[in-house]
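Working notes for the structure below.
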4 protein chains.
Amino acid sequence: MPNESSAPRRRGAVRTEALLQVTLDLAAEVGYAGLSIEAIARRAEVGKHTVYRRWPTKAALLLDALQRVWTRDLDYRPTGDLHADLREQFLRSVSALTSPPLDPVYRAVIAEAQSDPAARAALHERFLRTVEQSTLEQVTRAQRAGQLRADVDLTFAAEVLCGTLYYRHLLTPHPVDETAIDGLLDMFMAAYGAS
Amino acid sequence: MPNESSAPRRRGAVRTEALLQVTLDLAAEVGYAGLSIEAIARRAEVGKHTVYRRWPTKAALLLDALQRVWTRDLDYRPTGDLHADLREQFLRSVSALTSPPLDPVYRAVIAEAQSDPAARAALHERFLRTVEQSTLEQVTRAQRAGQLRADVDLTFAAEVLCGTLYYRHLLTPHPVDETAIDGLLDMFMAAYGAS
Amino acid sequence: MPNESSAPRRRGAVRTEALLQVTLDLAAEVGYAGLSIEAIARRAEVGKHTVYRRWPTKAALLLDALQRVWTRDLDYRPTGDLHADLREQFLRSVSALTSPPLDPVYRAVIAEAQSDPAARAALHERFLRTVEQSTLEQVTRAQRAGQLRADVDLTFAAEVLCGTLYYRHLLTPHPVDETAIDGLLDMFMAAYGAS
Amino acid sequence: MPNESSAPRRRGAVRTEALLQVTLDLAAEVGYAGLSIEAIARRAEVGKHTVYRRWPTKAALLLDALQRVWTRDLDYRPTGDLHADLREQFLRSVSALTSPPLDPVYRAVIAEAQSDPAARAALHERFLRTVEQSTLEQVTRAQRAGQLRADVDLTFAAEVLCGTLYYRHLLTPHPVDETAIDGLLDMFMAAYGAS
DNA sequence: TTTTAATCGAGACGGTACGTCGGGTCTTCTG
DNA sequence: CAGAAGACCCGACGTACCGTCTCGATTAAAA
């Protein structure tokens with residue numbers, strides 16, 4: 001009896017997915033400017049209320065849309081070489097963050113977050129902290145493996161690593177290229193590299 | 001001499017000043033949300049065109065308004081003790097950045113900058129780079145005084161120091177407090193401290 | 001036989017009643033503005049479909065609701081004195097038409113009827129014509145009793161009597177008071193009074 | 001000296017005219033249903049605010065639009081024969097009231113007036129009362145000419161004459177044809193005709 | 001001075017988006 | 001299988017800003 005209910009499939013789940021996809025499409029095509037709820041609803045051929053029913057705020061919608069593309073790139077496999085692994089992870093992140101679907105949405109979220117502390121908290125909780133966390137795990141592993149000094153708490157170091165890259169990407173006109181990443185890692189290793 | 005010059009009829013430059021001040025006042029009172037050009041002109045009892053004649057963009061206006069409060073806090077005097085000096089400078093910056101007149105304007109600029117690369121460049125050129133620069137000068141002086149290793153280019157290090165603080169302030173819910181600043185400086189000294 | 005229903009009790013009859021009552025309650029409380037099908041269904045804790053299943057149109061629902069209060073006031077008993085009887089009937093009608101439950105519903109029906117000829121026909125058939133009819137019966141009785149000229153068809157006269165009052169009530173800011181009613185009856189008697 | 005300033009021409013007077021015309025056009029084409037402010041603005045290629053700037057309410061706009069067509073038909077010239085003159089006037093009014101541009105607008109006004117006492121008052125003041133008034137003047141002239149009894153106040157009679165016709169037109173499915181008008185006038189003459 | 005040319009306040013204007021509401025239709029699930 | 005609950009598309013509501021534009025009135029510099 002192959003019952004079809006293994007996925008409960010709440011009523012509008014499909015539509016929710018569609019709306020998020022439309023948001024990404026729109027972002028890729030018209031960029032940050034075209035990301036109005038009105039435009040999204042229009043493009044999705046959906047009443048505005050159908051959007052508002054799902055997300056109380058544009059920021060909330062954008063965060064979910066972000067999630068949708070975000071999770072796809074988290075399948076990296078550490079090799080054990082800390083420097084190489086961090087380098088790889090950062091390059092991947094930056095590459096994703098720079099290309100069309102993600103970049104406009106991310107910037108839109110940043111913009112929204114400036115006027116809405118709640119959105120700011122959500123942004124950090126769901127994305128920035130995640131990146132910090134995965135970075136922290138990597139360096140902690142390296143620390144246990146003796147590659148880093150054992151007498152320091154690396155939590156803040158992880159924030160510095162990530163924060164520097166986000167700062168450069170979002171707030172400066174400079175690109176986050178290999179030079180920048182290497183410079184950052186050099187400083188990190190100089191500070192915390194074992195003996 | 002029936003000239004009723006009690007009303008001196010201020011000319012252009014004065015009015016420009018007045019508009020910037022109104023922008024700051026509005027920001028302090030109603031916050032980011034109230035910073036529309038419409039509201040600013042209304043509050044200043046000025047035609048909208050008078051605003052547009054001076055600044056092509058909201059971002060441009062906000063940047064100038066920012067400048068107005070910004071320059072007031074740059075009168076710090078280094079003592080020679082690197083750690084203490086940086087600490088002092090960062091605490092001052094953050095304190096200014098957190099209090100009413102500046103914070104809403106800064107966030108508004110950040111928001112505008114997301115959709116406008118030119119504004120992003122201007123933001124970096126006029127503010128972020130300035131802070132990086134003054135930081136760089138300080139650490140370079142210390143380097144020459146032998147407090148820091150002589151074999152490194154500190155340009156990027158200065159960016160890391162500033163970037164980390166901006167990242168935390170603008171994009172996370174965490175406060176930029178003394179703990180954070182000290183943590184950051186510790187990492188910096190561990191990496192680049194002499195011998 | 002524990003059947004408690006001497007009447008066949010069609011399933012939804014009670015609910016239909018309840019909906020009509022809710023409509024009247026809502027009209028009394030929030031007036032014409034609050035008379036949306038949405039609000040009625042909400043107030044009755046009923047799905048909108050349950051309303052649409054019963055009435056194809058808001059006008060239809062309102063007409064039925066109107067009926068509900070209307071029939072309660074038709075228990076007048078003519079005395080034989082034409083002038084007094086008409087006066088009494090008109091005063092009653094107007095009094096009912098002016099007070100909360102009925103007035104907003106009536107006006108809502110008028111409004112609906114403007115855009116919907118079918119509703120207009122129904123309004124006339126079920127209410128206006130009824131009033132004209134009962135007026136006609138009274139004057140015809142008086143005519144047969146010799147109180148009115150025998151050589152005229154009073155059908156149109158009845159329409160004039162009623163129409164004038166409705167006109168004043170619905171389309172002018174003037175109240176339909178005793179003065180108005182007496183003036184109208186005077187004119188009527190002057191035209192058709194016997195000899 | 002052909003000075004061009006005989007008309008001061010306030011800024012948007014032309015546009016106001018255009019909007020009223022568009023309202024009438026729309027009414028003629030799509031009828032009562034299409035008379036949303038949104039549709040009017042769209043059709044006139046005008047921002048919604050441009051409409052709201054001129055009229056606080058849909059009712060106000062419709063009343064002005066009504067005025068525009070209304071005044072064109074008031075150029076009748078009484079002949080002195082009361083019965084014929086009233087007949088002519090009523091026929092003209094009804095004819096105007098029945099044809100496309102006017103009928104949908106009038107009904108829309110009636111509908112709006114039901115929920116807005118102010119609109120109701122305005123409707124009466126600007127249109128209904130005008131008709132009553134011109135009717136009153138005609139019958140008063142006839143009264144002075146000895147065609148009508150001298151001992152009666154005809155104010156209310158004028159209301160009855162007009163009210164009956166409006167009642168029939170707006171609230172019943174019956175047409176206001178010559179039969180109806182003649183019946184009404186017969187009753188009137190029977191009541192107030194001289195000797 | 002007188003004229004000319006900016007500059008100003010005020011705000012109209014066509015747009016676009018906001019967030020809310022109601023109209024009708026169509027589903028889903030419960031009793 | 002009827003019914004409550006409400007999702008859904010649609011489109012109007014009235015408000016707010018955007019950036020451009022016109023309007024007179026008020027000044028400044030040029031004639």
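Just so it is clear, the values below take in all heavy atoms, side chains as well, and ignore hydrogens, waters and symmetry mates.
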So, is [X] close to the [N] phosphate, meaning a side-chain N or O under 4.0 Å from OP1 or OP2?
{"X": "B:R54", "N": "E:dC8", "result": "yes"}
{"X": "B:R53", "N": "E:dT7", "result": "no"}
{"X": "B:R42", "N": "E:dA10", "result": "no"}
{"X": "A:R15", "N": "F:dA7", "result": "no"}
{"X": "C:T50", "N": "F:dG3", "result": "no"}

5′-ward residue of the pair B:P56/C:A44 relative to DNA chain F: C:A44

Rounded to whole angstrom units, what separation is found between the [atom1] atom of [X] and the [atom2] atom of [N]?
{"X": "A:I40", "N": "E:dC18", "atom1": "CD1", "atom2": "C1'", "result": "13 Å"}
{"X": "D:Y52", "N": "E:dC13", "atom1": "OH", "atom2": "P", "result": "16 Å"}
{"X": "D:I37", "N": "F:dG14", "atom1": "CD1", "atom2": "C1'", "result": "9 Å"}
{"X": "C:L26", "N": "E:dG22", "atom1": "CG", "atom2": "P", "result": "10 Å"}
{"X": "A:D116", "N": "E:dG19", "atom1": "CG", "atom2": "P", "result": "11 Å"}
{"X": "C:E112", "N": "E:dG22", "atom1": "CD", "atom2": "C1'", "result": "12 Å"}
{"X": "C:H49", "N": "E:dT30", "atom1": "NE2", "atom2": "P", "result": "18 Å"}
{"X": "D:E38", "N": "F:dA12", "atom1": "CD", "atom2": "P", "result": "6 Å"}

Using a 4.0 Å heavy-atom cut-off, does B:K58 contact any base of the nucleic acid, only the sugar-phosphate backbone, or nothing at all? sugar-phosphate

Check the pair D:L171, C:H124 against side-chain contact (heavy atoms from CB on, under 4.5 Å), reporting the backbone distance first and the verdict last. CA-CA 7 Å; D:L171 302 183; C:H124 183 256; over 6 Å; no

Charged N to carboxylate O below 4.0 Å: is that the case for D:R68 and D:D64? no

C:S36 or B:K48: which one's nearest nucleotide on DNA chain E is closer to the 5' end?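 Closest to the 5' end, via its nearest nucleotide, is B:K48.
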
Between CD on residue B:E38 and CZ on residue B:R42, distance to nearest 0.5 Å: 5.5 Å

Without swapping roles, check the side chain of D:S36 against the backbone of D:A39 for a donor-acceptor pair under 3.5 Å.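 Yes, the answer is positive, given that a donor and an acceptor are paired below the 3.5 Å cut-off.
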
If you look at every heavy atom in C:R54 and C:L19, which pair is closest and at what distance? CD-CD1, 4.0 Å

